[in-house]
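Below: the structure, in structure tokens.
Naming convention: chains lettered A, B, ... in sequence-line order (proteins, then strands); numbering from 1 in each chain. This structure is a prediction, so every number in the text was calculated from the model and none was measured.
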Amino acid sequence: MAKITFITTDDKTITLEGTSGSVMQLAVDNSVPGIDGDCGGVCSCATCHVHVAPEHIEKTGVASEIEEDMLDLNDYSNERSRLCCQLEISEALDGLVLQVAESD
Amino acid sequence: MKKSALPDPFEEARVNKGYGEMDDQNDPVTMVLGLKDLRKCAHNWKTFQSGATPGRIVIPSEVNIRDTRQIPFEVDPPEHKDFRALVEPWFKRPLEADYKATLTQQINDIVDEVLAKDSVEVVEEFSLRLQSRALTLLLNIPYEESETWISWGTHVFRSEGEALDGDKANILYDYIDERITQAIESPGADLYSMLLAATVNGKKLTREEVKGVMILTFAGGRDTVINAVTNSIAYFAEHPESLDRLQNEPDITGRAVEELIRYFSPLTQMGRVVTEDTQVCEHAVKEDTRISLCWASANRDAKVFENPNDIVLDRKINPHVAFGFSHHNCLGATHARQIMNILLTTLAKKIKSIDIVDYKENIEELGEFKRKVGYDNLTVKFKGR
């Protein structure tokens with residue numbers, strides 16, 4: 001079980017609990033605004049872009065090269081950007097705080 | 001070579017130089033073939049613009065058959081953003097439960113229809129019908145209207161042996177004009193009426209702008225969906241084990257949809273007009289010439305995709321660009337994904353096997369390349385479970 005908190009672009013805080021699957025799916029299943037997950041989690045659409053809270057970078061690790069390439073050309077990405085379809089829910093993510101990134 | 005295979009004609013050029021070249025009605029095109037290069041160009045709307053002369057970014061060019069600007073497709077930022085924001089919620093409706101339920105019923109019905117027949121010509125009798133009926137949902141208009149679109153046949157913009165046919169295109173443009181007039185006279189809950197009542201940047205959409213959105217909606221989702229559906233049938237005909245797998249492992253359906261769309265890349269490429277002398281893949285391109293973003297090639301880029309020429313039904317990492325990339329990514333993607341998702345689920349549930357009886361491939365001539373994009377016709381026999 002992991003508690004994961006999303007901060008939306010209009011500064012609402014949504015805390016969800018999950019046990020398995022991707023963080024994107026957890027957000028989509030609970031209608032977190034700004035997390036669309038259009039491609040279902042295969043790293044093709046970048047509609048699940050989040051910024052990891054600075055103190056939690058160690059929990060999530062860093063993006064793979066393919067994910068990095070997707071984020072490279074995103075106008076709202078920074079060094080804490082991740083596509084949350086690539087974050088698998090596990091105990092290790094308990095307490096994670098994610099800021100939903102802006103999009104066009 | 002399997003009958004359902006779509007070979008990659010771009011590999012050698014992509015690996016050796018990164019670009020290809022083709023002429024198109026004396027307006028040549030430098031084709032960007034690699035995934036990374038393509039993404040960079042797609043993102044750089046200032047140098048590679050969409051808001052050029054209407055029809056010019058389409059390949060083959062539609063400059064000679066169309067004056068109406070397609071919206072938001074042929075508009076660049078910053079204006080693009082507000083047009084896109086206006087239509088985006090409407091084009092996300094396929095995620096709603098009612099929409100999905102009606103689409104599921106439609107696809108169930110058409111699969112039952114073809115199961116009852118001895119043999120079926122898939123393009124006309126299955127894909128075109130399925131696409132046309134589903135489009136009534138996207139436009140939120142009566143189902144019966146699909147009969148008109150089905151009666152146009154598959155070639156609305158093209159006639160046999162000719163790249164483009166202005167008279168045929170006018171059938172669609174005149175039809176849309178008529179329907180806009182009707183919606184002005186008696187507004188309803190359809191897309192025309194929504195657009196006619198809408199404002200962008202404090203100004204009501206003009207009739208011409210409404211027409212531009214409607215042409216995009218009709219044109220963008222016709223051949224593409226028809227090819228995706230027809231190619232899926234050909235694939236399952238030669239891979240009945242995939243139907244079984246989808247039935248046994250329904251959780252992989254979403255991944256299978258993305259993988260089939262990557263492999264099929266129903267839209268081969270889309271152009272951009274170059275606004276300043278620059279380079280792509282270390283090759284000089286001049287201002288006021290065209291480049292193309294060749295989605296079909298990028299989706300076979302071995303630098304990104306393992307075994308790019310295989311359909312790996314549950315491919316986990318699949319950063320394909322079959323729906324485009326960046327600002328202008330496909331507006332109809334939600335509708336298309338929903339169609340494919342329900343189609344795969346329904347076929348897996350109802351179909352045991354499919355036999356290909358006869359077929360003629362649809363081969364695009366693209367300068368030095370010839371690409372199979374689908375079928376002119378595909379006759380099959382469906383066997384139910």
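Atom CD of residue E67(A) and atom CD1 of residue I317(B) lie 8.0 Å apart, to the nearest 0.5 angstrom. Atom NZ of K92(B) sits about 3.5 Å away from atom CG of D38(A), to the nearest 0.5 Å.
Between chain B and the options C43(A), S64(A), C85(A), the largest number of non-hydrogen pairs under 4.5 Å is found for C43(A).
Side-chain contact check for L73(A) versus F325(B): some heavy-atom pair is nearer than 4.5 Å.
Using a 4.5 Å cut-off between heavy atoms, R337(B) touches chain A through its side chain atoms alone. Of the atoms belonging to H80(B), not a single heavy atom falls under 4.5 Å from chain A. Heavy-atom distances place the side chain of D36(A), and not its backbone, under 4.5 Å from chain B. Interface residue E65(A): only side-chain heavy atoms are found under 4.5 Å from chain B. Contacts of K316(B) with chain A are made by backbone atoms alone, with heavy-atom separations under 4.5 Å and no side-chain atom involved.
Atom CD of E55(A) is surrounded by more than 12 heavy atoms from other residues, nucleotides or ligands within 6.0 Å. With a 6.0 Å radius and a threshold of 12 heavy atoms from other residues, nucleotides or ligands, K59(A) has its NZ atom above the threshold. By the neighbour-count criterion of 12 heavy atoms within 6.0 Å, atom CG of D98(B) is sparsely surrounded, having that number or fewer from other residues, nucleotides or ligands.
Ion pair K36(B)/D72(A) not flagged as a salt bridge, since none of the NZ, NE, NH1 or NH2 atoms sits closer than 4.0 Å to an Asp/Glu carboxylate oxygen.
The two residues S44(A) and H320(B) make their nearest non-hydrogen contact at OG-O, 3.2 Å. A pairwise comparison of heavy atoms in V42(A) and R315(B) identifies CG1-O, 3.7 Å as the closest pair.
Among residues at least two apart or in separate chains, ring-ring contact (aromatic ring centres under 6.0 Å, His included) pairs with a member in residues 16-51 of chain A are H49(A)-H51(A).
Side-chain contact of N74(A) with H43(B): a donor-acceptor pair under 3.5 Å is absent, judged by distance alone.
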